[in-house]
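Worksheet: the structure to be examined is printed underneath.
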Amino acid sequence: MNSILDTRPALRAEIDSVAEVAGYLWQKGWAERNGGNITVNITEHVDDDLRHMPALTEPIAIGTTLPHLRGCYFYCKGTGKRMRDLARQPMQNGSVIRILDDCASYVIIADEPVMPTSELPSHLSMHDYLIGSGSTYKASLHTHPIELVAMSHNKEMLQKDVMTKILWSMIPETLAFAPLGLGIVPYELPGSVRLAEATLEQIKDYDVVMWEKHGVCAVGRDIMDAFDQIDVLNKSAVIYMCAKSMGFTPDGMTPEAMREVQEVFQLPKQRPC
Ligand code: 2HA
Ligand code: ZN
């Protein structure tokens with residue numbers, strides 16, 4: 001079967017990267033069954049042929065109105081689809097959608113009418129915010145990283161920036177490569193507009209947010225960047241958990257050592273160490 005990727009190497013490279021990350025999510029045990037979702041803004045790769053491509057579906061409501069998304073195109077993981085399948089066949093387990101002029105609905109254009117992720121309201125709300133704020137970020141990723149989610153089952157950890165400071169202090173790289181830390185979204189129903197709204201508030205200040213007792217959601221320049229930020233944060237969660245299971249609470253790097261990393265790496269300092 002023909003694919004829109006056949007004649008578009010830049011778009012193919014983008015989708016190959018999505019497939020690569022989907023494989024990592026499965027290997028890490030962060031993507032049981034259909035867990036997690038990915039959306040990437042691919043508008044920059046859209047040519048006239050794609051723009052005029054007939055829709056495979058009737059218009060479908062997003063559930064919210066997102067004014068900055070008019071005429072944008074997204075690759076979206078399919079709802080109910082498995083990351084481990086997407087890793088091999090991204091265009092059978094995801095699809096490309098076009099946002100319509102009402103900014104409140106979309107159609108699927110390629111390759112197959114695979115319905116997009118159940119978390120579409122959250123993902124598209126974040127993309128709308130990113131475009132509106134002039135960000136160059138293109139990707140959004142939701143996944144279920146085991147140790148980070150375990151930490152969210154504790155009230156103290158859910159206080160603003162408590163988890164961020166613990167995770168930063170486990171290893172210098174986490175501070176360097178997830179320099180905005182981890183925002184917190186109190187528990188909301190998966191796929192709900194309430195979850196989307198709460199996520200949006202946090203994504204203004206953080207690249208990665210914790211959905212309490214569920215998973216994390218990250219935005220990034222591309223899908224690899226979003227994945228890397230979650231990966232370094234979860235690495236710290238694993239170190240914290242290993243120390244705890246050896247019977248002690250880890251000391252963590254000192255505030256001075258962390259401030260030195262912030263200075264040397266010239267990191268943004270919205271949150272003091
Ligand atoms: O797509 O992870 O939050 C499956 C989910 C919903
Ligand atoms: Zn989920």
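Read the numbers this way: they start at 1 and go in the same order the structure lists the ligands and their atoms. The structure displayed is predicted, hence computed values, not measured ones.
Considering the Zn ion (ligand 2) as centre, the angle to NE2 of His144 and to NE2 of His142 is 100° (10° rounding).
Between Asn37 and ligand 1, a contact under 3.5 Å exists for at least one N or O pair.
Counting heavy atoms from C-beta on, the side chains of His142 and Thr39 never come closer than 4.5 Å.
Looking only at N/O/S atoms, His214 comes nearest to the Zn ion (ligand 2) through NE2.
Hydrophobic clustering places Ile230 together with Met151 (ILVMFWY residues linked when any side-chain heavy atoms are closer than 4.5 Å, directly or through intermediates). A single hydrophobic cluster is not seen to contain both Ile42 and Met115; linkage of ILVMFWY side chains at heavy-atom distances under 4.5 Å, directly or through other members, places them apart. Criterion: ILVMFWY side-chain heavy atoms under 4.5 Å apart, direct or through other members. Under it, Leu182 and Leu158 are part of a common hydrophobic cluster.
Applying the 4.0 Å criterion to heavy atoms of Ser118 picks out, from ligand 1, the atoms 1 (O), 6 (C). Ligand-side atoms of ligand 1 in range of His214: 3 (O), range being under 4.0 angstrom from any heavy atom. The contact set between ligand 1 and His144, taken as ligand atoms under 4.0 Å from a residue heavy atom, comprises 2 (O). If you number the atoms of ligand 1 from 1 as listed, the ones under 4.0 Å from a heavy atom of Glu119 come out as 3 (O), 6 (C). Which parts of ligand 1 touch His142 is read off a 4.0 Å heavy-atom cut-off, strictly below it: atoms 2 (O), 3 (O).
Ligand 1 lies within reach of Asn34, whose nearest heavy atom is under 4.0 Å from it.
When only modelled atom types and interatomic distance are considered, Thr199 and Trp211 share a side-chain donor-acceptor pair under 3.5 Å. Ser125 and Asp128 share no side-chain donor-acceptor pair at under 3.5 Å.
Distances from atom 2 (O) of ligand 1 to the heavy atoms of Pro190, Gly36, Ala31, Ser122 show the closest one on Gly36.
Tested against Ser3, the residues Leu11, Asp111, Ile15 include a single side chain to side chain contact (heavy atoms under 4.5 Å, CB included) partner, Asp111.
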